[in-house]
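Single-structure report; data block below.
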2 protein chains.
Amino acid sequence: MSGARVKKAPTIVEIAHELGVSPSTVSRAFTAPRLLKPETVERIRAAAAERGYVPNVHARALSTGVPRTIGLIVPDIANPFFPPMIRAAQRTAEETGHTVLIADTDGDVEREKRTIERLTAQSESLIIASSRLPSAQLCELTARRRVLFINRDEPETARILVSSRDALGQCMARLLELGHERFVYVGGPEGSWSDGERRGIVEESLAGSGATLESMRIPSGTYADTMAAADQILAGSPTAVVAFDDVIAHAVIDLLHDRGVSVPGAVSVVGCDDTVALTTQPPLTSIALKVADAARLAVRTVVEGQVSEMLTPQRIALQGELVERATVAAVG
Amino acid sequence: MSGARVKKAPTIVEIAHELGVSPSTVSRAFTAPRLLKPETVERIRAAAAERGYVPNVHARALSTGVPRTIGLIVPDIANPFFPPMIRAAQRTAEETGHTVLIADTDGDVEREKRTIERLTAQSESLIIASSRLPSAQLCELTARRRVLFINRDEPETARILVSSRDALGQCMARLLELGHERFVYVGGPEGSWSDGERRGIVEESLAGSGATLESMRIPSGTYADTMAAADQILAGSPTAVVAFDDVIAHAVIDLLHDRGVSVPGAVSVVGCDDTVALTTQPPLTSIALKVADAARLAVRTVVEGQVSEMLTPQRIALQGELVERATVAAVG
DNA sequence: TTGAAAGCGCTAACAC
DNA sequence: GTGTTAGCGCTTTCAA
């Protein structure tokens, strides 16, 4: 079996020859069937299917000048926040015959820049999620490229924000209603747009309520580092802990449990992203984000319109939904 | 800003004109610099860098006949087992200037077939992880393609197995040593190679030991379904539970806890994959698999050698390592 | 050491 | 409705 030859893919010309038609006719059978006699289309498609013909994307891209490829750049594919986004993007792209190229930057700015360069050359547009680039670089790099951002709120760009504003606001109101007076916000990575938004909402919601707020941050956002910050989190004897995301919330529940503090009996905990919410004990109250919707919308946006034109700057915020489970209760 | 034009990428011809050299010279500056006067190479590279020239992958692929693209097909990108594999594959592919196209099949056979067809056309080789295709179809589909499998042990193909054999065997021996006599194996998806391997090792290890084994399965492999199967899992009052993966192990720990059964005091639990091991209470004893190594090896294997030739059939098993944490103890 | 020219597989005017 | 032709950007003989 070793040494066997890989079968060369059949080309349009070969199919054309066999059928006694011209190459362009075969091409049209796939790209503009309505220009052909239905019968011809049938005949060609049948023959093509039989020989296992699949159009060569490179030839097509070269000929049309538009690579039907969309680059999707994420900081970390292993972060459970992104796979659903990637999935939705791919499924949506499929509908229009596009391919999504995934790239992972490790949250590293240099790598992000290089990735943008590289993908620019082979994609008709770029979708960049949670970009870490400083504004200046970002403007420069994207000045003459078709780029759409997800979760980066840079003015004058096309961007989609997966927002927790409404849901988190509602959640905070509920917590206040339940009599909570000492809050802790356990934030995530510095410079994350989501973290900024959430921190802001928590502050706004509490302003003038008489409740106290302790605001802190777990830069790595990991379970282990959150556990390690237990003392700091519990320093002010909070009655409610709002976590940047579900991973942190999960750790908070566990550290509370370690100290014999009942959740939600003594302390209420809320997470965000709804990624692990069903695997905590008790099940975590969290905010389900419109990640898949954002990806779908992103792909549809970049796919429509002339690829030779920049995207129209606009800001779209998709509001998530509060999912009430079992980690929130009245104080006391 | 809307309506602004996307900058057209500079081509080899433009650079050649500006420098007063021929297009082939510019091409050679990138593909065969040793054929050129070092000084010329320098001049060309500088000019190219300045204009932001990046070779057009499509043109290159068309011209050389080899698309420097590797297709990587996984059942579910959201399964925490795969992102580290994807990451490692991409980083390795980068080294040789290759691009990895990720596709997700949803564990669906039809979709897997379509994906293989589609990727074949634009990749020089395919890496397929945890393929669900029946053997016959798999042989047919792969008969004349450059394909390498990960975690699918089909004879006469090139395959890499991320094995837990040694580590799990060692773990079982340890459990026996500690006096365990009633075991449950809580398996995963039907047809998974990993599940078959693990189930087999558990059976072999216990054969002739006098210990009893209850073997079951959570087809979906989810936390929720595992919780729901609590009665079945605990029916035989096991002293040790071996789980197909960490997600199931996590659920087992939680359901044991719900019933007031101490881990590892009364029951020992071991997981596999080492994906969530650090976020359980107590920390889960698990098996760290060589997933990233497998991906690296897979990419290196498909990248080397003539792309016109099939891969040499071979079977490589990469052994994982037992990571002892806190969910295993002596019986009693 | 460099240039000229052909051609990869496909699409898109433009003919017929 | 279908065929002819030119060309997308690049690599690669073959000549010089």
Side-chain angles (χ1 to χ4, degrees), chain A residues 6-45 47-48 51-69 97 99 120-124 307-308, chain B residues 6-45 47-48 51-69 97 99 120-124 307-308:
Chain A
V6 171
K7 184 171 52 188
K8 217 184 118 296
T11 75
I12 241 176
V13 192
E14 287 164 30
I15 313 243
H17 265 149
E18 288 175 25
L19 264 52
V21 297
S22 87
S24 19
T25 303
V26 178
S27 170
R28 284 192 274 251
F30 294 100
T31 55
R34 63 232 196 78
L35 296 184
L36 263 40
K37 206 175 355 187
E39 171 197 323
T40 319
V41 175
E42 255 333 294
R43 208 160 50 102
I44 294 176
R45 292 212 172 155
R51 310 252 172 300
Y53 168 78
V54 186
N56 180 317
V57 280
H58 301 296
R60 184 174 276 182
L62 193 56
S63 175
T64 59
V66 335
R68 305 205 107 202
T69 299
T99 297
T120 297
Q122 48 188 313
S123 319
E124 62 179 65
V307 295
S308 59
Chain B
V6 171
K7 182 170 55 187
K8 218 181 118 295
T11 75
I12 242 177
V13 193
E14 288 163 28
I15 314 245
H17 264 147
E18 288 175 24
L19 264 50
V21 298
S22 85
S24 15
T25 304
V26 177
S27 172
R28 283 192 274 250
F30 294 101
T31 56
R34 61 229 199 83
L35 296 184
L36 264 39
K37 203 173 359 184
E39 169 198 324
T40 318
V41 175
E42 257 332 294
R43 211 161 47 103
I44 294 177
R45 290 211 174 155
R51 309 252 171 302
Y53 169 79
V54 187
N56 180 316
V57 279
H58 300 295
R60 184 173 275 181
L62 191 55
S63 176
T64 58
V66 332
R68 306 206 105 201
T69 299
T99 297
T120 298
Q122 49 189 311
S123 320
E124 60 179 66
V307 295
S308 60

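Chain letters run A, B, ... following the sequence lines, proteins first and then strands; every chain starts at 1.
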Interface limits on DNA chain D, where chain A has a heavy atom under 4.0 Å of a nucleotide atom: D/dG1 to D/dG9
Listed partners of B/Arg51 passing side-chain hydrogen bond (donor to acceptor under 3.5 Å, both in side chains), at least two apart: B/Glu18
Considering all heavy atoms, the nearest B/Val54-A/Ala121 contact: CG1-CB, 3.6 Å
Between C1' of C/dT1 and CZ of B/Arg43, the distance in whole Å: 12 Å
Pairwise side-chain contact, B/Ile44 with B/Leu19, heavy-atom cut-off 4.5 Å (strictly under): yes
Heavy-atom pair with the smallest gap, counting every atom of B/Pro67 and A/His58: CB-NE2, 3.2 Å
Spacing of B/Asn56 atom CG relative to C/dC10 atom P, expressed in whole Å: 16 Å
Letter per nucleotide, 5' to 3', of nucleotides 11-16 of chain C [B base touched, S only sugar-phosphate touched, - untouched; heavy atoms, 4.0 Å]: BBB---
Spacing of CG belonging to A/Leu36 relative to OG1 belonging to A/Thr31, to within rounding of 0.5 Å: 9.0 Å
A/Glu14 CD - C/dG9 C1' separation (whole Å): 10 Å
Heavy-atom donor-acceptor pair, B/Ser27 side chain to B/Pro23 backbone, under 3.5 Å: no
Derivation and outcome, side chain to side chain contact (heavy atoms under 4.5 Å, CB included), residues B/Ser123 and B/Thr69: CA-CA 5 Å; B/Ser123 320; B/Thr69 299; 4.1 Å; yes
Heavy-atom donor-acceptor pair, A/Thr64 side chain to A/Arg60 backbone, under 3.5 Å: yes
